[in-house]
Amino acid sequence: MSAPDLTMPVARRRPDREPWTLERIIVHALLILFVLLAIGPVLIVIINSLKTTPAIFDGPFDLPTAKTFSLEGYKRVFMRGNFIVNYRNSLIVTVTTIVLTVVLSTLAAFALVEYRVRVASLLAGLFVLGIMLPIRLGTIPLIQMMLAWKLMDTLAALILVYTAMSIPIAVTLMVTYFQTVPTDLKEAARMDGASELRTFWIVLPLVRPGLAAVAALTMLPVWNDLWFPLILAPSRQNQTVTLGVQQFVGQFMNDYPALLAALTLGAVPLVLLFTLFSRQFISGLSKGYSK
């Protein structure tokens, strides 16, 4: 019997796909239904914002045609509204909050993992407690604090509050990522004479998924919040997008194209942000609560 020819390439077999069972079909059908229920109202608002008022009432589910297409609603929004300033304010608050949260939570998480001091477990417990206690319970003390610091009706007030609100979950999440870094790598860096700051920079690339998850978890609640902009920065020059949309809707209830255009301008950025960072958002939730 001749020996097999080892020079012949071995054929690669594709793994068999999972069969379509009744249970799998039902799960996918429910997921598709949920997607339609979630995205459907947003699409209807966007479609009707591009139509005239009669077309909205005649066919609310119809796509715009050459006769019904109109951008007058968007023109009135930008002429009468304050959306350019609103977007600028939301961008400043969101980006600054993300940067502060990522930097502070990463440094705090690294210290909690590396330094075995007596109060480390107590501090970690306080961060977990900060997740469970909603910051809105402290609205009155926050107002008093901002008045004392003369930061009332400023973007700085929003940035400070949002950073404080985001740090507990960010630290808890980053601790789980730093715990996955091999101890041998850090010990080798220290034996080579690296300082603690240098060791931190060496291990930082290994927790980049955690940084992205923290940024995603921080960004969405900050951009979509209405409570604190209404209380801490209500003036026209400091309004965020969410507050601007809410006030515009209250003033132009009967101007349906402008009303729907304002709702679109408020909803579309949030949908796009969640679409772009959904993987990091889900990863952050799963890893942050799985341990």
Side-chain angles (χ1 to χ4, degrees), residues 41-43 45-53 56 70-103 135-136 139 142-167 215-277 281:
V42 178
L43 293 178
V45 169
I46 295 174
I47 290 172
N48 285 288
S49 69
L50 300 172
K51 296 193 295 188
T52 60
T53 301
I56 293 174
S70 173
L71 294 176
E72 291 299 320
Y74 288 93
K75 292 180 181 178
R76 288 193 290 274
V77 165
F78 283 103
M79 290 175 61
R80 303 179 188 178
N82 197 33
F83 278 89
I84 296 177
V85 175
N86 296 157
Y87 274 107
R88 183 202 65 190
N89 294 336
S90 289
L91 192 62
I92 292 173
V93 171
T94 303
V95 172
T96 308
T97 301
I98 289 174
V99 172
L100 290 175
T101 301
V102 169
V103 172
I135 194 172
R136 288 175 177 81
T139 299
L142 286 173
I143 293 175
Q144 295 172 342
M145 188 182 303
M146 295 305 164
L147 287 173
W149 292 351
K150 297 182 180 180
L151 292 177
M152 199 66 181
D153 198 14
T154 63
L155 298 181
L158 294 178
I159 292 170
L160 291 175
V161 171
Y162 287 143
T163 303
M165 178 181 70
S166 305
I167 280 180
L217 288 171
T218 303
M219 172 182 55
L220 296 174
V222 170
W223 184 277
N224 200 37
D225 185 52
L226 175 63
W227 178 261
F228 287 114
L230 183 62
I231 294 173
L232 299 179
S235 63
R236 185 176 175 85
Q237 67 268 19
N238 292 320
Q239 284 181 352
T240 59
V241 170
T242 308
L243 181 57
V245 169
Q246 188 267 343
Q247 294 193 353
F248 188 90
V249 168
Q251 296 175 5
F252 298 90
M253 285 295 295
N254 296 324
D255 190 349
Y256 293 101
L259 175 64
L260 295 174
L263 293 175
T264 301
L265 291 173
V268 168
L270 190 64
V271 173
L272 292 177
L273 290 174
F274 184 80
T275 302
L276 291 174
F277 296 96
F281 186 80

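Keep in mind that what you see is a predicted model, and the values were worked out from it rather than measured.
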Any side-chain heavy-atom pair from [X] and [Y] closer than 4.5 angstrom?
X	Y	answer
Ser49	Leu263	no
Ile135	Leu142	yes
Asp255	Arg80	yes
Thr139	Trp227	yes
Ile143	Met152	yes

Side-chain ([X]) to main-chain ([Y]) donor-acceptor, under 3.5 angstrom:
X	Y	result
Asn238	Asp153	yes
Thr101	Ile98	no
Asn82	Arg236	yes
Asn89	Gln237	yes
Asn224	Leu220	no

Measure the spacing between [atom1] of [X] and [atom2] of [Y] and express it to the nearest 0.5 Å.
X	Y	atom1	atom2	result
Leu226	Thr240	CG	OG1	7.5 Å
Thr96	Leu158	OG1	CG	11.0 Å
Ile47	Thr264	CD1	OG1	10.0 Å
Thr242	Trp223	OG1	CH2	8.0 Å
Met146	Leu160	CE	CG	5.0 Å
Met219	Ser166	CE	OG	11.5 Å

Practice task
Show your working on side chain to side chain contact (heavy atoms under 4.5 Å, CB included) between Phe83 and Val245 and close with a plain yes or no.
Solution key: CA-CA 8 Å; Phe83 278 89; Val245 169; 3.5 Å; yes
For the student: nearest non-hydrogen atoms of [X] and [Y], plus distance:
X	Y	answer
Pro269	Leu265	CD-O, 3.1 Å
Gly266	Tyr87	N-OH, 4.3 Å
Leu243	Pro234	CD2-CA, 4.1 Å
Gln239	Gly244	OE1-CA, 3.8 Å
Ala157	Leu151	CB-O, 3.3 Å
Ser70	Thr52	CB-CG2, 3.7 Å

Problem - Matching residue for Val93 among Val161, Asp225, Leu155 - test: side-chain contact (heavy atoms from CB on, under 4.5 Å) - result: Leu155
Problem - Neighbour count >12 (heavy atoms, 6.0 Å) for atom CD1, Ile84 - result: no
Exercise for the section: Anything under 30° is parallel, anything over 60° is perpendicular, the rest tilted; go ahead and classify Phe228 against Tyr162. Expected result: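 Correct class here is perpendicular.
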